[in-house]
Structure formats: C-alpha cells, structure tokens
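All remarks here apply to the structure that follows.
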Amino acid sequence: MGNNGKSIVEEKDHVVIKFAGDSGDGMQFTGIRFSETSAMMGNEVSTLPDYPAEIRAPKGTIGGVSGFQIHIGSDHIETPGDYADVLVAMNPAALKANLRWVKKGGTIIVDIDTFTPQNLKKAGFDENPLKDGLTREYQIIQAPITTLTKEATKDLNIDHKTALQARNMFALGIVYWLFHRDLQYTINFFKQKFKNKPELAELNKRVLEAGYNYAHNIELSRTYIIKRAKLEPGTYRYINGNTATAWGLLAAAEKTGLQLYLGSYPITPASEILQEIAARKDLGAIAFQAEDEIAGVVTSIGASFAGKLAATSTSGPGLALKSEAINLAVMLELPLVIIDVQRGGPSTGLPTKPEQADLLQALWGRNGESPVAVLAASTPSNCFRYAYMAAKIALEHMIPVILLTDGFLANGSRPWKIPSLDELPDIKPPIVKEGELEKYYPYERIPGTYVRRWAIAGTPGYEHVIGGLEKKQVTGEVSYDPENHEKMVIERENKLKEIQKDIPPLEVDGPDEGELLVVGWGGTYGHINTAVHELRKEGYTVSHAHFHYINPLPANTEQVLSKFKKILIAEMNRGQFFRYLRSEFPQFDYRKYTKVQGIPFTVSELKQAIKKNLED
Amino acid sequence: MGNNGKSIVEEKDHVVIKFAGDSGDGMQFTGIRFSETSAMMGNEVSTLPDYPAEIRAPKGTIGGVSGFQIHIGSDHIETPGDYADVLVAMNPAALKANLRWVKKGGTIIVDIDTFTPQNLKKAGFDENPLKDGLTREYQIIQAPITTLTKEATKDLNIDHKTALQARNMFALGIVYWLFHRDLQYTINFFKQKFKNKPELAELNKRVLEAGYNYAHNIELSRTYIIKRAKLEPGTYRYINGNTATAWGLLAAAEKTGLQLYLGSYPITPASEILQEIAARKDLGAIAFQAEDEIAGVVTSIGASFAGKLAATSTSGPGLALKSEAINLAVMLELPLVIIDVQRGGPSTGLPTKPEQADLLQALWGRNGESPVAVLAASTPSNCFRYAYMAAKIALEHMIPVILLTDGFLANGSRPWKIPSLDELPDIKPPIVKEGELEKYYPYERIPGTYVRRWAIAGTPGYEHVIGGLEKKQVTGEVSYDPENHEKMVIERENKLKEIQKDIPPLEVDGPDEGELLVVGWGGTYGHINTAVHELRKEGYTVSHAHFHYINPLPANTEQVLSKFKKILIAEMNRGQFFRYLRSEFPQFDYRKYTKVQGIPFTVSELKQAIKKNLED
Amino acid sequence: MAETKQTPKYTFKDFQSGQQVRWCPGCGDIAILRAVQMAFAQMGIPKEKFVVVSGIGCSSRFPYYMATYGIHGIHGRAGALATGVKIANPELSVWQITGDGDALAIGGNHFIHEIRRNIDVNVLLFNNRIYGLTKGQYSPTSPKGMITKSSPYGTIEEPFNPGSLAIGAGATFFARGIDANVNLNVEILLQAQAHKGTSVVEFLQNCVIFNNGAYKDLTDKETKDENTIIVRHGEKMIFGKNKDKGLMLDEKGKIKIVKIGENGVTEDDILVHDAHEPDPFIHVQLAGLQHPVVLGVIREVRKETYCEALERQMKEVQAKSPIKNMHDLLHSGNTWKVES
Amino acid sequence: MAETKQTPKYTFKDFQSGQQVRWCPGCGDIAILRAVQMAFAQMGIPKEKFVVVSGIGCSSRFPYYMATYGIHGIHGRAGALATGVKIANPELSVWQITGDGDALAIGGNHFIHEIRRNIDVNVLLFNNRIYGLTKGQYSPTSPKGMITKSSPYGTIEEPFNPGSLAIGAGATFFARGIDANVNLNVEILLQAQAHKGTSVVEFLQNCVIFNNGAYKDLTDKETKDENTIIVRHGEKMIFGKNKDKGLMLDEKGKIKIVKIGENGVTEDDILVHDAHEPDPFIHVQLAGLQHPVVLGVIREVRKETYCEALERQMKEVQAKSPIKNMHDLLHSGNTWKVES
Ligand SMILES: Cc1ncc(C[n+]2csc(CCOP(=O)(O)OP(=O)(O)O)c2C)c(N)n1
Ligand SMILES: Cc1ncc(C[n+]2csc(CCOP(=O)(O)OP(=O)(O)O)c2C)c(N)n1
Ligand code: SF4
Ligand code: SF4
Ligand SMILES: [Mg+2]
Ligand SMILES: [Mg+2]
C-alpha cells in the first residue's frame, strides 16, 4: 500500500464512487477493478453499471455517457448508493450527466485535457464549469490525464491510440491512492488477462502506477480508509445477478443429476444468462439460442418432456411472447423455469433500465385460469438461490415457475460467499423409473401434493400422450366433460397452493408488530432495507418485510400483515404488488410508494416516504 | 296454420326446445329454421348451438352429438334456457347426451328407427331406454322418422342418401305442429336457398309437411301456443354474436368514413368475425388473413398508422400471442380494436366452449405499465353496440381497446331490432388535416383529454416517426430521461381514465340499494338477469348490475356498490372480476359465485346461489 | 441409437393407441396414420424411443392415435417442440406431425429454422391446402383463387410450394407422398427415418369436408399415371401409363418433359434422378413441377446434424476445460478468502 | 401512384431528419442510409408518401434518421408492419428496414409470407451476420463455427442464405448490395422501387464492433474484383480485375466459373444475365454462389401483387353486390317487421 504522505487520513464506514466517461472509455472495466480490489481488501461492495442503449453512442455527448457506481463499506452495504462521494469524470459530458448525483462537498476527478471548448459544447455546457462556482462546492482534482498517460507510455512500443485506451487506468490509479487501495490485485489481473500480450499488461500497469503516483505527488489534502467489513469467513467471489441466475440453474442440474437445457433468445438485460450457460458446455449444459422467444420456451417444454431441467430466460417483451406457450406447460404439468429480467416498459420501453412492472403479467398474463408459481430474487447474489429454488419448485411440483429479477439485479454486482452444493436443499423430482409402476396414469396425482408423476420420454412401459386440451382426471385423456374441467382447474390451483408448504415463512426485519410495515418484493430489497435500518438508527420504529415468494404467498403473510397498523408497499411500478396484496387481503390499510423512472429508488426518498407514512 | 284437431291447446309464456343428433344430421340448420319462424311469428327467441370439437365426430356416439337449443317466449327471454321442455333426439346417443337436460314431464321426440341394438350400444345404453321407466317420466313420441322420410320421398327422383338427409325436416315438421308454427317461412326459405336446385326445395318441403301431417295424425294429447312478445315496433333480424361484432365494426367504419381493416388469424370461436368481414368487400372492408395472430395485430397497427379503422379478432391463446404487439400500440397511441372471443382455457383448453377467464389477461397481460381499455358485450346482439363503442373509444382516445365476448355470445342468436346508423353516437377521431397545424408534435396532447393528434401517413407536412421506445413528452423523440418516463407512464394512465367521461354510468336493475347486489360482466347477463327477475317475482329483494365497461370502470361504480350490504359476483372463471373489483374498492363485502365448466350458468343454480347469499 | 436389449418384432397394431380415431370418414389422415404405423413397425426401434409431437389442427391429433410417447402441442409450435425433444435426447426417434397451416402459416418460422439447423427430426406435413380444424379457411398452400370460408370471392394470395420453401431454407431431405399410396408412403417414411438430418415429407392429403378432390387427378386410377411421377435415386425419371414419358434438361438447364420415341428421344436420354446432389438446382425444379407432380424422395443429402455438432463440441470442450463440476465453476476466476 | 401536384425536386438532405445518427463510427449502416437518402431524392415521389418501418436492432433505428413517416416497431415484426401499411394504403411507398436477426430469426415468418403474398414493399435487409444491438450474439446468417458472445466455442448451425430463402418463398425480386458501394446501392434501390411486388434487397453490412471485417474480401480494393461479380439484366456475367472471368452453365445446368481465353472459352460463351426468367433455377444458384459473391439485381419477375389483386377483387365484388352500405347489409337476408 502506498504512502500517503502529509495528507489527512480519514476513516469512513462507507463511501460511494462513480466512474463516468464515454462508452468507449472502459468505465465498466475500471469500476469492476476497483470493486474487486475493495472486496478482496475486505469491504462489502455493491455496484451498478449504467450504460446507454446505443452500442457506441456519439462520443462526448450526454447520451453517450457510460457509468459505473460502487458503494464500499464496512457493513450493511445493500445498495450501490444514492449519491457519490467521489466522481471520476473522463470528459465534460460525464461531469454534466452526473453532477446532480454527487454529494455536496464530494471529490470530483476530471481529465482536464478533455475540457476543450468543443467538448464543453457537445456536453451542453455554456461555459467551463470548473471555472465556475463548482470549485467552491466540491473538491475538484483537475488532472491532465490524457497528457500524462501519453507521457507515461511514450517509451513503450505501443501506438498512440492503444496507449490512450489506458487513460481509465490513470484515473483508477488516482482513486486507488485516495482510498489506500493495493495495486497488486489489479496488476495481477492484467498479467492474467493479457497473458499472450505482455505489452498490454505492461501498458496498463504503467498507467495505473502513473495515476497513483500523480495523486501522491499533488499532495491531496485528504485521503480515506474504509473499515473492513465483518464478513462471514469463507471463500468469496464477485458475482452479478445474471451470472448468479445462470449458476443457480446449473447448481440445480448438478444436484438432481439432470442435464440443464436452456432455450432462449437474446434480449437486454437477460442475454447474459444465455451466454453464461452457453459457455458451460464443460458442465454438459445445453444452451439453445432459438429463432425467437416462442421457440425458446417451446423447445424447453420439449426438453422437459424428454427429462431435462428445462428453463428459458428473457425480459418483459419476451415474456409476453412466451405466454401462450407457458400455458401449454401449465396444462402439460411439466417442470419449467422461466426467468424474466424485468426492464422498463411498456413495449420496447427503456430496454436497458430496471423496472418491476411485469408482476401482473407474470401472475395473470395468460388465457384461462393458469396458475404458475412466481418468485422474485432481491439481490444480485441471491439470484443464485432463487434460481435454484425456482428449479426445485418446478421439478418437485411439476409446474412452470416464473422467476422475476430485473435490470438492476442483473447488472449489479456483489461479493458473494461461495456456497457449497451440500448446503443447498435436496431436489426430488417425481420421476418414475422403469418397472416402478404397473400402469402409468399421466394425471394421477401423488396424494397430499396434487403433483403428477413424470414419466420421461424413452422410459419403457410408460408411453403416453399429453397435450394442451383439457384432460380427464387421472388418465389424462382428452375430456370435454364440464365437471371434469372444473375439477382439473381446481386441481391445478391446489397444486400451486401446496407449494406453500415448501416455502419459508415471511420474515420481518425489525419489530414484528407496530405502526408501519414497509413491504417490498424483488430488487428493491437493498434500498428499502437500508432506508428502514437508517430510520431505526434515527429512532423511528419501522419494520420491513420483503417478498421472494409471490405465488403462492408465504403461509404466514396475512398474519404478518395483521400486526401492523399501516402497510407501505414500495415498488418500481404503479402499484402492482399493492393491487395484488389488496386483492388477497383487502382488510389492511395499504399505502403505496412507487417510482417508474427506470432507475432504482434512492434511500433518501424512501426514508422520506416512510416518515411521511409514519406521520399520517 | 294447421288444425290441431282434438288435442288440448295450452298457452305458454315460454318454452325451451332442443334439437339433437349426429354432427351430420343438420341440427344447427333445423334449429335455426325453428328459431326464425318463431321470431317472425312474434316471439322473443334466444338460441345456443352446441357442437363437438371434432369436424365429424364418430357417428352415433355421445362425442358426436350436435345440438341446438332454443328458448322462445313472450317476454324477457334472455337465455337459451336451462332445461328443455321438448327434446328432439335423432338417435340414441342424442337422447343419452341430453336426457339430463330435459324437464321431468317434458316431451321427447325420437326417431325410433335408429334405436337398433347396435346404435344403443354405441350410445352407451345397456338396454333400450324407451322400454324402461322413461315413458313414465316423459311424454315420448316414437316416430319412425327414417322410414317415413323414405316413404314421403320415394316418388321423387332423388337418391336415397340425399333423401335421408332431409330427416331433420321431418322432426321439424312434428315440432311445428306441436307449437302451431306456420310452415310457410321455412318453405319460402327452401325456395330461396335452393333456387338453382328446385328438386331439393321440393324434397325438404315434402318431408317437412310429412312430419307435420304425421304429428297431426297421431293425435297428440297436447299442443302449445306461445304468446307473442311485446316487441318494440321495427324491422327485426336474427343475429349471432360474431356477426353482430363484425357488423358493429363495419358500422363504425361507415360512420367515420374510414375504411375498416381487420388483420386476423382463424381461431375457434372467433373465425366467423374474420369471415364476415372478408365477405364485405362490397362495403370496401379489408380482411387480411394473416400468417399468425402476431401478424394479424401488427398489420393492423400498420394500417392504423396509415389511417384505417384497424381491428384484430381472436380467442384467448391468440390474445396471449398478441400481447407484445398490443403493447406497441399502447406506446404508439394509435387506435386499435382487439376482439377476444373467450373460450375455455388454459392453453388449448376447451376450444369450442365459453368461459370468462381472459379478463385479467386483457387487463394486465402485457409487460410494463400498459393501460388499455377493456369492454365486454353481454348479449349476442349487443355485440354490435359494444364493437361499435370499442371502435369509437379507440378512435377518439387513440388507444387500444380490448372487447371481450365469449363462445356463448359468439354462437348464440337473438332476434334483433335493426338500428339505423343515425341512432348511433358520432365518432370524432382527432385526425389532423393538411395545413391545419403549423407544426405537428406527435405526442402533444389535446388539453383536457390526454389524447394525441392523429397525423395519417401520407398527409403532407406532418412527417414523423414513432416507435416502441419511451418517448419525450410532446415531441415524441426517444427519451431515456427518468422523470420523463414516469410522466409518460402517468399520461397514458390518465388518458385511459379520461374515457370514463364518455361512458354511461353503471345501471342497477332493481332497487338501487339493499341487502344484495348481484354483479356480473359480459356474457352472463341473460342468466343473471333472469335469475334476479324470477327471484323478485318470487318476492325476494335483489338487484343486478352488469358491467360492460371494465377499464375504466364507470364513474359511479363505487357509489353504486356502496349502497348494498353484500355484493355477489357471478362469473365463469375462478373469480377474476371479483379480484379486480376488490383490488379497486376493497371496502365492500364481496362474495363470489363461479363456474368454470365451459357451459353457461343455469338460471336455477344462480337463483340458489343468490338465495344463499341473501340468507347468510 | 444405442440399443442394449433386443428390439421386439412389431406389427402396425403395436402402434395403435386404442383411442378412437376421430377424423372424418374418408379423411386422408387415416391412410397416412396407417402408413406411419406400418413403417414404425419395420424400423427396429423400441416403441418407447418414439416421440410423436404435433401442433394443432385435424392432422395434429395424430399423436393420440399412436401408442408411443407424444405431445399434442399448440398451434404452429410442432417444429419447436420436436427440436427441443430431439436436442434433449438424440436417442429418441422424433416425429413431427403438422398441417399446412400449422407448419407453414403460424409455424413457418420454426419450420425453416429446424430445417436450417438440420435437426434430425422427421417432419410429416399433411398438406390438405385448407384449415380443417377451424372449418375451412384457406391456408398458405391453397391455390390462388380458391373459394373458402375466409375467401368467399377466392383467395388473392400465391401459395407456398412446401418443397421450394424447405429447400430454400437448406433442407437436406425432401420427399412427397400422397395419402392414397400407402406403399409409397411406407417406403418414404423408412428413408426419412434412415436420413440423418431434418427429413421433410409433404403428404398430399385430401380433406373430404372442406377441400374434397384437391388431389383427385393425382389419385384417380385413370389419371394418376399421367399426372404424377415417382422418383427414386439412381433411377431414370420415367412416367405415364405406358411408361413412355420422361424428364430431361433443356440446354438452359431447365427440366422438360419428353416422350420416349418422339423427336428422337430414347430411354437413354432420360435423366437419372440424383437425390444426393448437394446443389439443389435440380431438386428445386422437381419440387416445383406442377405437371407431372413429383412423388418420392426428391432430395437426400448428408450434412452434419445439429445434435452431431453439439455432441462433437461438448466433447471437445469437456476434454479441454478445467471446470468439471459446479465446485470448480464457483471457484473459478477471482476469489478470495475471508478468515474468521 | 396518382400525383396531383408536381413533386418537388429533392436532394438527399431533404430526407435527413436532423436526428443525430447514433450508429458506431464506421458502421456500414451509415453508408446505406446515405444511399437510401440519395435514392429517395431521385424517385419523384412526394416526401409524405414514404413510410419507413422497421423492427428492432441497430439497423432498425433507421427510420429515426429519415424525414419521412415511419415506425420503429418491435423486434421481428417489420414485415408485418410494412404489410399493414401497404395494404391499408397502396399509394404509399413502403420501405422496411430490418436486420438479419429481425428478418430472419424472430421475423422469419413474416418475411417469407410477405414475399409469398408479393406485397409491394421494399425490404432492406441489413445483413451483418450478428446481433448488433444486443451486443454480439450470433444470428441465423452467422457462418458455422463463428465465435460470438453466445457461441463461445463457435456456432454449430448452418446459416441461411437470405437469397435462397427468399426465392424459396417465391420472391419476385432479389438483389444484393454492399455497404461500401453507394452507387451500386442507389442503382439497386431505384430498381427495387420500380419493381411492383416485394423487393428484397440484402445489404452486406459491416458491424465494426461485433463482426468487423466480415466482408473485407468483398470491399478491399485489392480483392473485391476477384471476389464479387455485379450482374445486370441483359449483360454478360463477367468479373475479375481484368474482366477476364465469367459464369457459364455446365452440361448439368450448374453454374461454373470460367476464364475467358482459357480452354477455348470466349466472351461469347459467357452467360447473359436474365433477371426476368420466371423459373428460379438459375437465380437460386446465383444467390447461393460463395465465390464470387453476386451483387446487383439477381431476380426481377412480374407477378400480380397482393394489392393489385385486392383492388381487382374489390372492384368485381362492388360491381356485382347489391349491398352498397350498412343499411343494405343490415336489411339483407331474412328480416321481419314488428308493427306497433
Ligand atoms: C394460437 C392459435 N391460433 C389459432 C388456432 C386455431 N387453429 C387451430 S388448427 C388451425 C389450422 C388448421 O389447419 P392445418 O394446420 O392445415 O391443419 P388441418 O386441420 O388442415 O389438418 C387453426 C387456425 C389455435 N388453436 N391456436
Ligand atoms: C421480443 C424481443 N426479443 C428480443 C429483443 C432483443 N433484440 C433486440 S435487437 C435484436 C437482434 C438484433 O440483430 P439484427 O436484427 O441482426 O440487427 P442489428 O442490430 O444487427 O442491426 C434482439 C435479439 C427485443 N428487443 N424484443
Ligand atoms: S375436416 Fe378434413 S382434414 Fe379434418 S378430419 Fe375432416 S376430412 Fe380430415
Ligand atoms: S454495433 Fe455494429 S451494427 Fe450496431 S451500430 Fe455498432 S457497428 Fe453498427
Ligand atoms: Mg390443413
Ligand atoms: Mg444483424
């Protein structure tokens, strides 16, 4: 670790850093390096990338700004943070786009070389903001990053353009110095990544060190030490929600001994799930990139019939397209996991932004009475657990399960204590083995569970045909009988309800009775929980219950809700869970706090909303 | 009218007749003849065909029975009737399938020639039921229909097979005698239909008269006269729900002067809408049979952009497929009518049977916050009005409108007083004419309505591009701005709410306050209304409110509901409107009465349910 | 297909499910069902290894009549269902039953993509040129001008030729059968089964209710020999009641019909059918021919199937990758330890 | 297209929307946009009559850059949107912008059906053999073995040849352009516009980010003349830096490449391109040729379009039918009067 010379060293519980620059400036890469180093140095970390919808949006413009925000600290880091303590702005547009998200008094590092009149104009500044009042409100480090990057690399045998691509490492070096980070993790990473191009490893290392040394030399008045978090012992890794989701499915496959089949079609922000599984041919997983979403889910249904752990992944518009076929799986009563990484809607909407507005679609967006299980993950890393649980429920209850995540979880990263497969609950699908049954009736239900048995195509003796028409109880033959239809509708409903027995009760964070319960579901967990914790620290009495199991709801839901005078439901839509809960348990005093802006809640706005509801 | 000789003539308010036979026996044809004659003779009529899912299900089996039920009477004939007073069974299977639906003491007419041991076995009778107790419980007319049809036609130069195809007319002749119907309407019909094949006209006439004379000769103990209904004066015709729907759209097109474009894909029970419009090239309507449901709706969106009155028709599974594209129309804010003729679900389900289980799909089965208007027709003939209103709302509010009908309405027929186009409300789409505006902003909203203006492609000066991405207020440019997104979400929501101003208040049939309000929506109107009326006649106090406008709900909904202690929601699903109302107005005491059997409610079961809810 | 135990000897009855066949009397589907059951009995594949999937339509009720594994799917998705079953377990013999509406209207995309991917599925396309189940609307194969329920004045659309479309999508196998000719159909089905890759078999199928007589000229005793030609690989393409007509190429490479003995044409001049030619320039002509209509296996070329490529790649990757199980994966890349 | 007032004289600038072009610098889409704007200016069609629709993809952002009517649709549905616009108003000049994913993956069905119906739409298929917008997964035109984000070990699928597929679906017009050759593209676009019926134009388009160099051999100065041939109806199919190579048919009717002056081949022997031959047997070969890649209008045959047939039928029916308005319809068939 460097020597920070004469500057004051301040110890902090947590701090938020944002790297911002042009799409081509490598801000995601930079952010991830900083996060990893921090995690390895013992901090809790939560990160969120934020990039434009265009592949390469016009350089130097606000629309082209790509960002990466990191929250590090000693404990309870559940969100990437509302406002930044430190902003790195690689050009004027990055400054313009992010200024409102920097805390007053915070530190801003800019590449002063980019503050040309031309660039300022592109960014929409009428005049140079650095000459302006800005310097009074923030601590601004005006580093000639471009110049010094050139300088630092001029003796390397590397072309100009390539050398300048390492500018981001100069900025990272400054930030490393500011936070007393060890350069070694990053340098090792370069060595590994550029195994076959040592000159690039050297380039990046040089520039990183140059930035670090620059910060050292300009003698910043203040640097920071972030306390280590009290983490459970174990081996950790960094993981984002999409990878965690993919891996959760892979884990379920290994645990059951079934091969994983994912039929999918790329769509932002879900494509990575497909990509992660496509990369796992080493584990025998099959990733089929279908011609469209419908083929994605339908091939999965075929694969399920043939005995695979079948899944499909998509985002909102894709879920809409899959709805007819999901209904086929409802009728066939085959296991199927459907992952919906929610994004801003309706229609194409805001394709790279998170939202929670697919809930009602997941619950009811199919023709007829069509019960499917619905789960929601709430942190990037617990996507692993809920993907695993989705597979478990699908396989054990012979039912389609929709797992809702969102763009925030999908792209957000968290350090994650690597679980061992032994810790994960067993999965016992009702597969019938050759010779086990005298006669196989496809729709005979296992007593006490409503689950039918799974005779996998290819098993001798159980040949049978199933289909989307209503079928006779037990035998599964086509039946148009009125009473039979109603009975089957109810059997499918009951089968769903039975899942309640297998899911954990709803937990309350905070007192389990009182004035106000804040309710959330899915990806808002971190923000809500932080808000509630902070308010409790401030002396307010408020609790938080977060739903991961949405259909069926946990068995104790009504009881938990009944203990509070008011229930505030916070969600990133116009009140869908609010509507759902109210239609289930109309007797309670629900309020809603909603936001549909394609960006997560801020902790501060949540705190305000909670306080307001505590008051009236 | 014939002379019924010595038999007793009984006068009746209403009576239910069912014709049943093999799919090939022409029961639909027979039933329609009877209905038309009755309507022309001044009765109220309600009919319901009931046919197997197979095109030609195996002859002589229960699965192959095709039926047509007719309810005629002097007033308030709102349903095809629960139980039949008269059953015509062309073979043992038809008897077996329908016996439980005949009133004790009713009349059964059978073709005794078909009661061979072989046929009895095929129908699943262990022994001949006619020899059994049956004759004690019913008045059974054992007519040798086959023999007498042959006999009556033997001197015609017509082959055996063709001659026997007129057997149904023999049965109809008997029934005509029984109810003092005039043969002339039917004979005229033959002349018209078989203009170019006079031998067929003669054949059918002969057999019809033979049946009539046969009935006369066997001296039935009792015949019936049905009182004429007190119908509003006017010109009447017979119409089923699908035709009425198609014609409602055609009427809206004529009224606005816009060409009708229907993009559709065949699906039971909606195909007839496509077919009706395909036949209307004389009126300039375009019916495009697309390659699938998605193309059906998407071509309609294209047509809407090009200035047509655009519609698409389908049934449940098709609505699921269209959901992604409907969302595009939500974003584009183009007028679009989507007709969903609901059938039994989920998945392929019971494709020929009615159900009301697509409600939640219609409301919320799309990704993101996606408000569309939802309407529901309630009688075969008012499908005309609601199709018209759906077009009016879509055009005036620049919004997709889903019109829900169902298999019961679609196939059911009612005499209908033909409206004149002048009676229909005007339709004023916000089309901007060339030169009208200085500058056109596609998402500028007309004050007080939230409606944007419609610049039809091809109009000089208003060139503009719209799309599925979120767009900036007013200008409609693509915008990823968080606040703008939320504002647009709310604008779309408000635009929907504004429709409330244009829809009539919810009406109450019966006292407008009291113990119990029975609530229904869509195709259950007739059954619920009849049940409520009968109960009131029996001295109970109970009211009925029926919803045709579902999203938005009529402005006075909450107020209407608030006047009753209990609200019983009767619907043909597992409680979807119940859930919706409860989520909107949780304060009331809702109960539900549901049936998901692919068959309509019976009035008697509804009455029982209402009485039960009156009591507890 | 790895077989451990001996395959039982079957007759077509072993493939009857016992469910009552609910097609209209006289429907062409019935004869095709029989041909399939006869062919299955001869394939030497254990019964449980057959999976018969379909979409929705009259023809798509087919799986119910087979005593095998099967799925009666949803409309248009038969191709995707079949693809999923086959990829999931290449040991299964997968048969896809689909109508002209199911495969070529709503299911057109899955149809061309399974062909492109060369999924080793046998696609039996029942082409009655009508939507049967929905009671008689036109289909993408209805000839232009045909009057149907949804085209009361005649259709205004050109039909697809399923063979041209399939070959355009890259089909490695295309054959055409006709409901009435059970023996030919069995012969084709056995070749379809033997072919590795997507085998598209178009069955010309009469719908007695909504499009009766569509193929009358091709099945009537008096006319069929003049109106159809049955091709077999390696045999000369000769037809006609008197076997006196044949196919040749003109100087432009276009197929022409010639009469043997006329204009100096001898039997030697007649073109020998080469189903195995990879370039489809002649096969497209054969598939597209209106007179005579070509029956039999028109194209059969060998290319790596999707499942073969998948297996090949899986093996390669597994041989090289250090990741052998979940534990390896979870601990791959950057990890760090937190000590207690 | 009935024109009442005189069409203004345009330059390409009149078709620029003023929206900032947001494609990556160097993206092939940019050059194609320019060609389209140049071509539109020459068509003599009033600006407001153009409608440019698209699906979703990088290429599908195209409408935003055009100062015409347009819809940026949803993924895969460009073909259906275009179909709807054109049928609704045949006076509009409808342009469909679509990517290889948009048209051939999710949109494959609409693509083949609009071609089959011969809807008079100009389909511009931007084929970069990759999914650009979703950041680099393989597409149905990615060559087998290509490594992409979703095929880290190389794809295992055969690609479509868009020309073969289009012709298999019954295309009346197929042409191929390449981003870099703006003049050729303008020439093709003008012919596409002139063609009545679906005009499919495949543009080979370089994606600098995810599939850079896919067409390098076809655009590089040194290699392009050997690797491409530009065909024009009625002209001999000659290519090569020295114009010394050409196409001929062999005795089987298969295209072969010959060198003029070698083996006795003279320029006279070289095949003349006949774009108007209705039977597609040579066009499929031209479309499928890998070396040289054929550019220009490969096929252009005239068939009745959907809208022409619709108009014809409308007129026929309206001339005959007694039903002239809603009142007639409502009162047609059996009606009866109830007197007061
Ligand atoms: C999503 C969906 N759309 C439409 C239908 C209605 N439908 C069922 S079968 C069919 C077409 C049948 O034609 P084809 O595939 O040729 O089969 P055939 O009945 O002629 O054998 C249609 C349109 C449906 N069941 N599901
Ligand atoms: C229903 C739906 N599925 C998937 C997507 C995601 N998506 C957007 S564009 C695209 C493919 C783009 O490839 P292509 O059509 O070749 O266009 P390009 O970007 O290469 O120009 C995909 C998969 C979507 N927007 N909507
Ligand atoms: S309607 Fe036609 S295709 Fe369907 S079962 Fe009857 S004959 Fe066969
Ligand atoms: S990603 Fe590729 S196709 Fe998309 S804009 Fe960039 S270069 Fe063009
Ligand atoms: Mg068919
Ligand atoms: Mg592409």
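A note on names: the letters A, B, ... follow the listed sequences, proteins ahead of strands, and every chain is numbered from 1.
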### Task
For the pair B:Asp358 (side chain) and A:Asn367 (backbone), establish whether a donor and an acceptor sit closer than 3.5 Å, ignoring hydrogens and angles.
no
### Query
A:Tyr443 and A:Lys472: which non-hydrogen atoms are nearest, and at how many Å?
CB-O, 4.2 Å
Among [options], which has the most heavy-atom pairs under 4.5 Å with chain B?
{"options": "A:Met488, A:Lys471, A:Glu493, A:Lys322", "value": "A:Glu493"}
{"options": "A:Ala320, A:Gly316, A:Pro346, A:Gly345", "value": "A:Pro346"}
{"options": "A:Gly368, A:Ser347, A:Ala357", "value": "A:Ser347"}
{"options": "A:Gly467, A:Gly349, A:Gly598, A:Pro371", "value": "A:Gly349"}

### Query
Where do B:Leu321 and B:Tyr265 land on the side-chain contact (heavy atoms from CB on, under 4.5 Å) test, with the steps shown first?
CA-CA 11 Å; B:Leu321 285 169; B:Tyr265 187 72; over 6 Å; no
Structural part of [X] lying under 4.5 Å from a heavy atom of chain B:
{"X": "A:Arg492", "result": "side chain"}
{"X": "A:Ile294", "result": "side chain"}
{"X": "A:Ile599", "result": "side chain"}
{"X": "A:Glu355", "result": "side chain"}
{"X": "A:Ile490", "result": "side chain"}
{"X": "A:Ser479", "result": "backbone"}

Which of [options] touches chain A most, by non-hydrogen pairs under 4.5 Å:
{"options": "B:Met331, B:Arg574, B:Glu324", "result": "B:Arg574"}
{"options": "B:Leu363, B:Asn484, B:Asn327", "result": "B:Asn327"}
{"options": "B:Val489, B:Leu360, B:Leu359, B:Val478", "result": "B:Leu360"}
{"options": "B:Gly344, B:Pro317, B:Ala362, B:Ala325", "result": "B:Pro317"}

Output yes when [X] and [Y] qualify as a salt bridge under the 4.0 Å nitrogen-oxygen rule, no when they do not.
{"X": "A:Glu584", "Y": "B:Arg579", "answer": "yes"}
{"X": "A:Glu333", "Y": "A:Lys495", "answer": "yes"}
{"X": "A:Glu483", "Y": "B:Arg100", "answer": "yes"}

### Task
Answer yes or no for B:Lys595 and B:Phe601: cation-pi contact, defined as NZ/CZ to six-membered ring centre under 6.0 Å and angle to ring axis within 45°.
no
### Query
Is it the case that A:Gln361 and B:Gln361 place a side-chain donor and acceptor less than 3.5 Å from each other?
no
### Query
So, A:Tyr580 versus B:Trp364, ring centres under 6.0 angstrom or not?
no
